[in-house]
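A short write-up of the structure that comes next.
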Amino acid sequence: ELKVEQNPLFLSMQEGKNYTIYCNYSTTSDRLYWYRQDPGKSLESLFVLLSNGAVKQEGRLMASLDTKARLSTLHITAAVHDLSATYFCAAGPQGGSEKLVFGKGTKLTVNP
Amino acid sequence: DTAVSQTPKYLVTQMGNDKSIKCEQNLGHDTMYWYKQDSKKFLKIMFSYNNKELIINETVPNRFSPKSPDKAHLNLHINSLELGDSAVYFCASSQAGVGSPLHFGNGTRLTVT
């Protein structure tokens with residue numbers, strides 16, 4: 001059974017600093033997603049990673065996927081307050097099942 | 001234009017009541033989902049329909065019954081509500097196939113008193 005673990009679960013950082021959120025998954029997966037959720041709001045899709053070595057960047061966020069290590073990372077560069085949110089990774093079992101398994105989320109707080 | 005819309009946004013009700021949540025998507029997707037987010041923000045899939053056919057049915061009490069009248073709509077009916085049902089319920093849709101992200105609705109916050 002596919003399990004997804006994120007760490008850290010809570011992250012408090014200062015503006016301007018860099019940090020990385022890690023997402024490990026337990027069995028072979030053919031797709032990895034990152035979502036953002038603001039308090040009381042819906043989930044917004046950030047990145048879709050489909051192949052080993054995939055790297056995607058949007059603004060100060062960069063996501064990568066290492067399928068051999070079963071690891072995805074979300075790197076934050078020069079954090080700003082607007083990035084404060086909860087970030088979720090989700091993986092899908094190999095074979096295209098529509099059942100995504102989500103990590104527990106990382107609550108990011110960026111302090112001025 | 002709202003892509004995935006669900007109603008109501010808030011639902012406060014007493015134990016033992018029956019309630020429904022409705023969801024509609026205008027993205028032309030063929031797959032729809034119900035997810036439950038608990039108080040610790042943990043997201044778990046409950047059901048998924050592809051073109052009106054149930055394809056995912058997780059271990060959910062049979063008090064929960066989804067219905068998909070067509071591929072643009074997915075409703076969730078809950079009988080005999082319990083305190084533990086309090087959560088945020090998210091509807092989502094996607095196009096089946098590897099790589100399509102989920103598009104989530106704004107959620108329905110259900111509070112059972």
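No hydrogens, no waters, no symmetry mates; every other heavy atom, side chains included, goes into these values. All chains are named by letter (A, B, ...) in the order of the sequence lines, taking the proteins before the strands, and each is independently numbered beginning at 1.
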query = In this structure, are over 12 heavy atoms from other groups packed under 6.0 Å from B:Arg109 atom CZ?
reply = no

ask   = Taking a hydrophobic cluster as the set of Ile, Leu, Val, Met, Phe, Trp and Tyr residues connected by side-chain heavy atoms closer than 4.5 Å, whether directly or through intermediates, do A:Leu108 and A:Leu43 fall within one such cluster?
value = no

task = Could you tell me which non-hydrogen atom of B:Gly99 sits nearest to which non-hydrogen atom of A:Leu50, and how far apart they are?
result = CA-CD2, 3.5 Å

key: Nearest non-hydrogen partners of B:Asn106 and A:Ser42, listed with the distance   = OD1-CB, 3.7 Å

query = Quick one: OH on B:Tyr35 to CG on A:Leu100, what's the gap to the nearest 0.5 Å?
reply = 4.5 Å

ask   = Can any side-chain N or O of A:Tyr35 pair as donor or acceptor with the backbone N or O of B:Leu102 at less than 3.5 Å?
value = yes

query = Do other residues, nucleotides or ligands put more than 12 heavy atoms under 6.0 Å from A:Gln57 CD?
reply = yes

ask   = Is the number of heavy atoms from other residues, nucleotides or ligands within 6.0 Å of NZ (B:Lys9) greater than 12?
value = yes

query = Should we count CZ of B:Phe64 as having more than 12 external heavy atoms under 6.0 Å?
reply = yes

A:Lys104 versus chain B, the contacting section by heavy-atom distance below 4.5 Å = both

task = Would you kindly confirm whether B:Leu74 and B:Leu27 end up in one hydrophobic cluster when ILVMFWY residues are joined by side chain heavy atoms under 4.5 Å apart?
result = no

key: Verify same cluster id: B:Leu76, B:Ile55 (apolar side-chain graph, 4.5 Å)   = no

task = Look up atom CD in B:Gln37 and atom OG1 in A:Thr86, then write down how far apart they are to the nearest 0.5 Å.
result = 8.0 Å

ask   = In terms of hydrophobic clustering (I, L, V, M, F, W, Y; side-chain heavy atoms under 4.5 Å; direct or indirect links), are A:Tyr22 and A:Leu83 co-clustered?
value = no

inquiry  = Does anything in residues 42-49 of chain B reach chain A? List residues with heavy atoms under 4.5 Å apart, or say none.
reply    = B:Phe42, B:Leu43, B:Ile45

task = State, yes or no, whether a side-chain contact exists between B:Phe90 and A:Gln37 at a heavy-atom distance under 4.5 Å.
result = yes

ask   = With a 4.5 Å limit on heavy-atom distance, are the side chains of B:Lys41 and A:Phe88 in contact?
value = yes

query = Taking a hydrophobic cluster as the set of Ile, Leu, Val, Met, Phe, Trp and Tyr residues connected by side-chain heavy atoms closer than 4.5 Å, whether directly or through intermediates, do A:Leu65 and A:Phe102 fall within one such cluster?
reply = no

ask   = Crowded around A:Glu5 CD? As in, over 12 foreign heavy atoms under 6.0 Å?
value = no

key: Most chain A-contacting option - heavy-atom pairs closer than 4.5 Å, from B:Gly105, B:Ala92, B:Gly107   = B:Gly105

